[in-house]
Amino acid sequence: MSMAKRDSHSRTIGDKQLHAESLMMGYGYRPELSEGAIKPPIFFTSTFVFRTAEEGKAFFELAYGLRKGNPNEEMGLIYSRLNNPDLEILEDRLTLWDEAEAAAVFESGMAAIATTILQFVSPGDVVLHTEPVYGGTDYLLKRILPRLRIRTVGVPAHQGLAGIEMRLRDREISGNLALIYVETPANPTNALVDIAGCARLAQRYSRPNRRVLVAIDNTFLGPLWQHPLRHGADLVLYSATKFIGGHSDVIAGLCLGTKELIAQVKTMRTIFGTMASPMTGWMLMRSLETLKLRMTAQMKSARIVADYLVDHPKVQRVYYLGHLTEESPQYDIYHCQCLGPGSMIAFDIVGGEAEAFRFLNGLQLFHLAVSLGGTESLAEHPATMTHSDVDPEERVEMGISESMVRLSIGVEHHEDLIADLDNALAAV
Ligand SMILES: *Cc1c(COP(=O)(O)O)cnc(C)c1O
């Protein structure tokens, strides 16, 4: 038996491959570099001292790509806009869930999305995207990218791959395609888009001098219940504000992919200055220790809540991935790319806005708030809140009615959640 300490980047004991949740407490961190502290300190520092001028020169050569590093050469610490120990440890840990080669952490989900998209598109390019997408992403795609002569083409998520293929028959679109951007499951309807199918289309429309990339916003199911890289996606994006942070107390974002792509994303991040702060990095590391516990508990309760709602006479329809049946075209996609139904539920209440509002105002344990993925359960009204900016006709087309309510299930006891829902529904 070996008595040697495990290397901070080892993922095994003997031949045994360790699970990601077992590595969240120590992976990538060497206590001996921080006075033996079991947890990484918060490295509140803007700049790092070089031991010699030669070392400083060598670090800059690598950082600016002036020379190729040796295989074992690690990038030295220079300045916290480029890199910081808390972010480096966190990024190493975040690669484990999605089995990514590399990760880049940002100060918000929008910073991750905007920085990543802008790295991979140029004037004249086309971005094909599913709809609806997160409100901030929608603004970026429809109002900011067109100002840079980047054309964006939206496809309703419920039209799926067939809808994307139809748009690609237009040569003006397929001939300039740079990026397929997908949010799946779609918010708030939980409509699924086939990730492997998108990857096949991207490959088909790639040109010798231009590879079409697929980017997936995996905020709703990841990083536990869906791993887009395994299905051929090039880039995975997260609002780490949601499940990864998980306590509604930090805003953060994440992009994952190959070393090559993430190095390009990090160049843009260095120039835009959209990296996360050391404090944000530290908070996310703390959150990661309980990620699987939280997301598993949330998913279990969500199933009980969804089953309760589907039988309630004042509920017209429930949108929940765990209720898909074999007859649904979504069923096969679900079984191919999702590992669990997650903890986001939407439902149509019998009636309209007035009934939905009466229900929301009657809740006592659920908080009436947007956002999702935290330890506390939340409820909101998409038509007048998260999706109020969407064109009303498009909103109906997407299936977001005045009677729809969205729930994010937290870690409270499921009996208490149901008691709250029951009470609020009775008041309608
Ligand atoms: C919240 C959210 C975002 C934006 O993330 P921020 O951390 O708020 O910047 C992007 N995509 C999805 C799906 C989200 O839910």
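All ligand and atom numbering here is 1-based and tracks the order in the structure. Because the structure is predicted, anything quoted here is derived from the model rather than measured. The basis for the numbers below is simple: all heavy atoms, side chains too, and nothing from hydrogens, waters or symmetry mates.
Partners of Arg204 by salt bridge (Lys or Arg N to Asp or Glu O under 4.0 Å), not counting sequence neighbours, listed by chain and number: Glu165.
Checked by atom type, the side-chain pair Ser328/Gln330 shows no donor-acceptor distance below 3.5 Å.
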For ligand 1, run through the N/O pairs with the protein that fall under 3.5 Å and put one pair on each line.
unit_1	atom_1	unit_2	atom_2	d
ligand 1	5 (O)	Ser239	OG	3.0
ligand 1	7 (O)	Gly109	N	2.9
ligand 1	7 (O)	Ser239	OG	2.8
ligand 1	7 (O)	Thr241	OG1	2.6
ligand 1	9 (O)	Gly109	N	3.0
ligand 1	9 (O)	Met110	N	2.8
ligand 1	11 (N)	Asp217	OD2	2.7
ligand 1	15 (O)	Lys242	NZ	2.7

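Applying the salt bridge (Lys or Arg N to Asp or Glu O under 4.0 Å) test to residues at least two apart or on different chains, the pairs with a partner in residues 285-299 are Glu21-Lys292, Lys39-Glu289. The salt bridge (Lys or Arg N to Asp or Glu O under 4.0 Å) analysis of residues 361-388, with sequence neighbours excluded, yields the pairs Glu380-Arg406.
Within a 6.0 Å sphere centred on NZ of Lys314, other residues, nucleotides and ligands contribute more than 12 heavy atoms.
Across all their heavy atoms, Val155 and Ile164 have their closest contact at CG1-N, 3.8 Å.
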